[in-house]
Number of protein chains: 2
Amino acid sequence: MSPRPAVRPGGRSARVRQSVHTAVRELLQERGRDSLTVPLVAARAGVTPSTVYRRWGTLRELLSDVAVERLRPGSPPEDLGSLRADLEDWATSFAQQTASPAGQARLRDTLAGDPDGSNSGRCAAYAAGQIETILSRAAARGEHAPDAEAVLDHVVAPLVYRALFRQEPPDADGYARSLVATVLYRLIPLP
Amino acid sequence: MSPRPAVRPGGRSARVRQSVHTAVRELLQERGRDSLTVPLVAARAGVTPSTVYRRWGTLRELLSDVAVERLRPGSPPEDLGSLRADLEDWATSFAQQTASPAGQARLRDTLAGDPDGSNSGRCAAYAAGQIETILSRAAARGEHAPDAEAVLDHVVAPLVYRALFRQEPPDADGYARSLVATVLYRLIPLP
DNA sequence: CGGCTAACGCAATATCTTTGCTTTAACCGG
DNA sequence: CCGGTTAAAGCAAAGATATTGCGTTAGCCG
């Protein structure tokens, strides 16, 4: 038997967490982020506001918690048979998500309610994990591949920077592909 | 969001804006961000809370306004005589600023209270402006130089991404220099 | 100098946040 | 399976913050 964490993971706590998350997602969709309040979320979730305050502290932290949850990849990246195809597929999909208004909002919410950096760190770890899967497949095929840091720095970072700080260009796909081309054909460690 | 379109730019409005900004900076220093509230800021600034609410909307938007103000470069980057020296100097200084806890907080505050993206856009424009100054100097010297987009994508973006999403590495300076080296010697448009 | 009006001050009201205490129910050993 | 223990939720009152209508002030402009 594995030792149990101090917090109670199952039962009521899990149900409350679930219903509060669902309430946030529904209300975000229905009424937009600006009209969200803790009492409103609590009412929809069928709990009292003090429960939300005690567990999440503030609305921002709750929104960060919900946002990072939705940034978690549902499945490993698809295997298309080559490093370039895998990276392009993942990068264009990532670019579309982050470039969309909803994706931008999720990134901002993740950062805004994250006092200790754990949620944003998790967010980066998700991307790093997906990339490492792709790169280890490439290694198994014997392909010459960059390391994960290079992909994070020169593919992920530019996409995220654009999403957060600049008006995203119309052609997110093409931009993502050009970043992949750069990291694959101009940045791979020289022989 | 920045103060609503100031129909009346001078006089009392400007004084209020100034005193509120000063109050925010002082209280940030004295008491930390978590204990900041609009009534507190208003009292320190010598205005009523409703004035702050009417001009800035929320505390977050006020903090964003103050943060982006402090991200604005005070002077053009120094001219050290070569592209590489100029870029390294600017990038290491930028890296130190963004890697510091205060710098991270400013980036987060800028994003958090910026519903329409205007403040974060300004923030990117500041960096772009400094870089363009450096690059046009290089062009005047006849140096072979990357374009500003490449520097934003492959130097600025990785630095910002690390500051926001990952635990910054101990050696921000060396990391910044390696990014500059990459963009200068491996990414410059091939002849 | 005097009218016009955006912006501020004030104060009442509405809403949200905090907190002490009580109650519930998940977990665990017997 | 059953009761003891306690983390977590509920409740409600007190406290703080946010909103808003209305009167007043002071830039701006003719």
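Sequence lines set the chain letters: A, B, ... in the order given, protein chains first and strands last, and positions in each chain run from 1. Atom set for the values below is all heavy atoms of this structure, side chains included, hydrogens, waters and symmetry mates excluded.
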Integer-rounded Å distance: dA8(D) C1' and W56(A) CH2: 11 Å
Options dC16(C), dG10(D), dC8(C), nucleotide nearest the side-chain atoms of T37(A): dC16(C)
Touch class at under 4.0 angstrom, heavy-atom based, for T58(A) against every strand present: nothing
OP1 or OP2 of dG27(D) under 4.0 Å from side-chain N/O of R15(B): yes
Interatomic distance, R55(A) CZ vs dG10(D) P [rounded to whole Å]: 10 Å
dC8(C) OP1/OP2 closer than 4.0 Å to side-chain N/O of T51(B): no
Results of side-chain contact (heavy atoms from CB on, under 4.5 Å) for A67(A) - residues two or more places apart only: R106(A), D109(A), T110(A)
Separation of dC16(C) C1' from L62(A) CG (nearest whole Å): 15 Å
Integer-rounded Å distance: dT18(C) P and D34(B) CG: 11 Å
Separation of atom CZ in R12(A) from atom P in dT6(D), rounded to whole Å: 16 Å
Of the listed nucleotides dC8(C), dA25(C), dG9(C), the one nearest the side chain of T48(B): dG9(C)
Touch class at under 4.0 angstrom, heavy-atom based, for R54(A) against every strand present: base
Pair D79(B) + R141(B), salt bridge at N-O below 4.0 Å: yes
Nucleotide dA9(D), atom P - distance to CD of Q18(A) in whole Å: 14 Å
Donor-acceptor side-chain pairing of T22(B) and Q18(B) below 3.5 angstrom: yes
Base dC11(D) to side chain S50(A), donor-acceptor N/O within 3.5 Å cut-off: yes
Whether over 12 other heavy atoms sit under 6.0 Å from E30(B) CD: yes
